[in-house]
Novice: 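The structure follows.
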Amino acid sequence: MLTEIRIDGLGVISTATAQFHEGLTVLTGETGAGKTMVVTSLHLLSGARADAGRVRLGAARAVVEGRFTVEDVNDAARTEVGEVLEAAAAQADDDGSVIAIRTVGSDGRSRAHLGGRSVPASVLADFTAPLLTVHGQNDQLRLQRPEQQLGALDQFAGDTIGPLLRKYGVARRSWLDARSELLERTARSRELALEADRLQYALNEIDAVAPEPGEDKRILDEVRRLSDLDSLREAAATSHDALAGPADAPEDHSGALAALGLARARIESSDDPKLTALAPRLADAIAVVVDVTTELSSYLSDLPSDPGALDSLLTRQAELKGLTRKYASDVDGVIAWAEDARTRLGSLDVSEEALAKLSAEVDIAAERVSEAARKLTTARTKSAGKLASAVSAELGGLAMGKARLEVEVRPVPASPQDSAPLTVGGKELHAGPAGVDEVEFRLSAHSGAQSLPLSKSASGGELSRVMLALEVVLASSDHGATMVFDEVDAGVGGRAAVEIGRRLARLARTHQVIVVTHLPQVAAFADTHLVVDKSDDGKGKVNSGVRALTKDERVIELARMLAGLDDTETGRAHAEELLETAKAARLPATSGQA
């Protein structure tokens, strides 16, 4: 629900603030006072395109700020609004309300803010879509479009059509995916066959080498070792001979171990305590030399004795490099590439059997879509009669007693250029996102008149009344949203105006309704009456503001609307009578001021 709006620098409005309540709110005022700017501001909050020409002359920018609450809307709308706020990281105020701001510069640049966050204007549109519906002159013209009429029918029978439409959408998506895959495989069969051959050749090459994870790094380390084999063997053997002595050396040249053993024996045979005290240290030195000698022997025995070992490793390394040059930077990457290639190869079955199987799957999917479309059409056809009757009954109370609305549901034939025609009941139809149907509202303006499409049969006033009747009928399928009507009573008067006021009041029982009107018969039904005043500063500059009327002020305003009789007793008496008549005729108001 819209609770407050502030407008700065928009058209004739310098600064204006308006509070909105539940029920029916009307905005009145003299022609040119700025009522249209209030509707324009709501369009801007709905993400409409910014127009620099709307910025007040001399102002740097126009700013519109709206405060919304979501407690009174249905669960689906509340969820949708919550998702938009979460995605935009927007924050609600402490009272749970959310502030939306739209700024339009005199240079045409536009900025939008939602819940304290800067957002694209499209996010404002997503936020206000479930909360605010603005019906202006252009919005009434949209009612003539087939897609709008289809949407109205689906909304009217939402409990029945909604599940069928979702089921159709799922089936259609599966069918289109399978169909696209079949067409791609058929058209690219040769190309895919070549790709399959290339993948199979590569996998055969990799499997023939059979690389192991990390094998290239291990081989590199081993090759480096074997490349220095002679120098390593010479260093180890020389060190071993120096410690243990060469096998063919004389006994007195048997190496460090023999020398240490001789030194230890001589010291231990001495009677000098200082000399014999050195014996343990020599024993430790001998133990260390023995350990080193043993490790050197083991190292020498582990060195490859096969002179062809290095050649074998170099050959294996060349095989692995042949793979890494083609498929990845290392062996682990080659193994990963091969796994992906096997998966891809498994999906490239272009054999006749595979194509036949996929074609059968497409046929089954098409049957599912066709059946879902048929059920959707049946449900729409049944609901169309109910919608037509309900709207026609409402038109009867809007001074169009002999008028009848017809809602025609008909299939949309597939064009020759249709990329995905669907066979339903033996006919080739266009399978769009919303089904295979198109809906047309046809109006018979009076008894015996030929029914014609709204675009050809309805005048501006009749179109306004059809739209209002439709909104009243659809109101039962939705609750809590704000509806704004800009001169929905254009082209009507007398009893029809009273009935429009009555129906707006009825609509206000389930919605917040804001109406811009010139008719006192409509204004008399309001729960809250706002007036747009304009004043001249004496220097040729006009400013407008918005204020709520008291009961006495409301009588004066209605008297003014009754042919300018605001300053006469007759006019005021007529206005009071009109208020009493509306009070007696209308359904009980939800809330608001008298």
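Basis for what follows: all heavy atoms, side chains included, without hydrogens, waters or symmetry-related copies. All residue numbers in this chain count up from 1 along the given sequence. Note that the structure is a prediction, hence the values are computed from the model and not measured.
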Novice: About how many Å separate OG1 of T377 and CG of D437, when rounded to the nearest 0.5 Å?
Specialist: 3.0 Å
Novice: By the salt bridge (charged side-chain N to carboxylate O under 4.0 Å, His left out) test, which pairs, at least two apart or in different chains, include something from residues 29-52?
Specialist: none
Novice: Test side chain to side chain contact (heavy atoms under 4.5 Å, CB included) on E440 and E438; report intermediate values, then the result.
Specialist: CA-CA 7 Å; E440 184 176 68; E438 64 179 0; over 6 Å; no
Novice: Looking at L2, L132, L27, T25, which one forms a side-chain contact (heavy atoms from CB on, under 4.5 Å) with V484?
Specialist: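 With V484 as partner, L2, L132, L27, T25 yield a single side-chain contact (heavy atoms from CB on, under 4.5 Å), made by L132.
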Novice: Side chains of T517 and T28: does their closest heavy-atom pair fall under 4.5 Å?
Specialist: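 In contact.
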Novice: When you look at E371 and R368, which way does the salt bridge (Lys or Arg N to Asp or Glu O under 4.0 Å) test go after all the steps?
Specialist: CA-CA 5 Å; E371 179 64 15; R368 293 196 187 104; over 6 Å; no
Novice: Working to the nearest 0.5 angstrom, can you tell me the gap between L452 CG and E406 CD?
Specialist: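 Output value for this atom pair is 9.5 Å.
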Novice: Do R102 and L124 make a side-chain contact, defined as non-hydrogen atoms from C-beta onward lying under 4.5 Å apart?
Specialist: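 Result yes, sub-4.5 Å side-chain heavy-atom pair found.
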Novice: Side chain to side chain contact (heavy atoms under 4.5 Å, CB included), that's the test. Do R54 and L44 meet it? Break it down for me.
Specialist: CA-CA 11 Å; R54 295 290 190 180; L44 288 172; over 6 Å; no
Novice: Could you check if a side-chain atom of F68 sits within less than 4.5 angstrom of a side-chain atom of T3, using non-hydrogen atoms only?
Specialist: no
Novice: For the side chain of S389 and the backbone of K386, is there at least one donor-acceptor N/O pair under 3.5 Å apart?
Specialist: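 The answer is no, because no donor-acceptor pair under 3.5 Å joins these two groups.
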Novice: What heavy-atom pair brings A508 and G23 nearest, and what distance separates the two atoms?
Specialist: CB-C, 3.5 Å
Novice: Any donor and acceptor pair, going by atom type alone, linking the side chain of R6 with main-chain N or O of E65 inside 3.5 Å?
Specialist: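 Absent.
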Novice: For S383 and I161, work out which heavy atoms get closest and say how close.
Specialist: OG-CD1, 4.3 Å
Novice: What I'd like to find out is whether the side chain of L422 reaches to under 4.5 Å of the side chain of V369, using heavy atoms alone.
Specialist: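 Yes; the side chains approach each other to less than 4.5 Å.
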Novice: Check the surroundings of atom CG in D107: do more than 12 heavy atoms from other residues, nucleotides or ligands lie under 6.0 Å from it?
Specialist: yes
Novice: Say you draw a straight line from OG1 of T381 to CD of E408; how long is it, rounded to the nearest 0.5 Å?
Specialist: 10.0 Å
Novice: Between S415 and D418 (side chain of the first, backbone of the second, donor and acceptor by atom type, cut-off under 3.5 Å), is there such a pair?
Specialist: yes
Novice: Looking at E428 and P413, would you say the former's side chain and the latter's main chain have a donor-acceptor pair under 3.5 Å?
Specialist: no
Novice: Is Q149 reaching over with its side chain to a backbone N or O of F441, donor-acceptor style, under 3.5 angstrom?
Specialist: yes
Novice: Going from OG1 on T40 to CG on L10, what distance comes out if it is rounded to the nearest 0.5 angstrom?
Specialist: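 One finds 6.0 Å between OG1 of T40 and CG of L10.
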Novice: Using side-chain heavy atoms (C-beta onward) and a distance below 4.5 Å, is V70 in contact with V98?
Specialist: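 Side-chain contact under 4.5 Å: no.
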Novice: Are V522 and F485 packed together at the side-chain level, in the sense that at least one heavy-atom pair is separated by less than 4.5 angstrom?
Specialist: no
Novice: Got a second to check how far T133's OG1 is from L42's CG, nearest 0.5 Å?
Specialist: 11.5 Å
Novice: Please evaluate residues V38 and V516 with respect to the criterion side chain to side chain contact (heavy atoms under 4.5 Å, CB included), reporting the C-alpha separation (whole Å), side-chain torsions for both, the decisive distance (0.1 Å), and the verdict.
Specialist: CA-CA 9 Å; V38 177; V516 177; 5.7 Å; no
Novice: Side chains of S97 and D95: is there a donor and an acceptor less than 3.5 Å apart?
Specialist: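 Per modelled atom types, S97 and D95 side chains form a pair under 3.5 Å.
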Novice: Can you tell me if R78 uses its side chain to pair, donor with acceptor, with the backbone of E71 under 3.5 Å?
Specialist: yes
Novice: Considering non-hydrogen atoms only, spot the tightest contact between A505 and F525 and give its length.
Specialist: CB-CD2, 4.2 Å
Novice: Working to the nearest 0.5 Å, report the span between CZ of R404 and CG of L443.
Specialist: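 Spacing of CZ (R404) from CG (L443) equals 10.5 Å.
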Novice: Look only at the side chain of D8 and the backbone of T15, and say whether a donor-acceptor pair between them is shorter than 3.5 Å.
Specialist: no
Novice: Below 4.0 angstrom, N of the basic side chain to O of the carboxylate: do E557 and R554 qualify?
Specialist: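 Looking at R554 together with E557, the answer is no, because their closest N to O distance does not fall below 4.0 Å.
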Novice: Taking 4.0 angstrom as the limit, do R503 and E499 come out as a salt bridge?
Specialist: yes
Novice: If I compare all heavy atoms of H43 with all of V134, which pair ends up nearest, and what's the gap?
Specialist: NE2-CG1, 3.4 Å
Novice: Verify, without hydrogens or angle tests, whether E553 (side chain) and T550 (backbone) share a donor-acceptor contact under 3.5 angstrom.
Specialist: yes
Novice: Can you confirm whether V436 sits close enough to V412 that some side-chain heavy atom of one is under 4.5 Å from a side-chain heavy atom of the other?
Specialist: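 In short, these two side chains do not touch, never coming nearer than 4.5 Å.
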Novice: Keeping R117 on the side-chain end and A88 on the backbone end, is there a donor-acceptor pair under 3.5 Å?
Specialist: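 Between the backbone of A88 and the side chain of R117 there is no qualifying donor-acceptor contact (under 3.5 Å).
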Novice: List the steps, then state whether side chain to side chain contact (heavy atoms under 4.5 Å, CB included) holds for R506 with E394.
Specialist: CA-CA 12 Å; R506 185 195 304 175; E394 288 295 328; 2.6 Å; yes
Novice: Please report the shortest heavy-atom distance between P520 and L562, naming the atom on each side.
Specialist: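 Taking every non-hydrogen atom into account, CG-CD2, 3.6 Å.
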Novice: Restricting to side-chain hydrogen bond (donor to acceptor under 3.5 Å, both in side chains), what partner residues turn up for D154, sequence neighbours left out?
Specialist: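 Testing D154 for side-chain hydrogen bond (donor to acceptor under 3.5 Å, both in side chains), a comparison that skips the adjacent residues, returns R380.
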Novice: For the residue pair I556 and D552, establish whether any side-chain heavy-atom pair is separated by less than 4.5 Å.
Specialist: no
Novice: Verify the neighbour count for atom CZ of R109: are there more than 12 heavy atoms of other residues, nucleotides or ligands below 6.0 Å?
Specialist: no
Novice: Which heavy-atom pair separates P130 from A77 by the least distance, and what is that distance?
Specialist: CB-CB, 3.8 Å
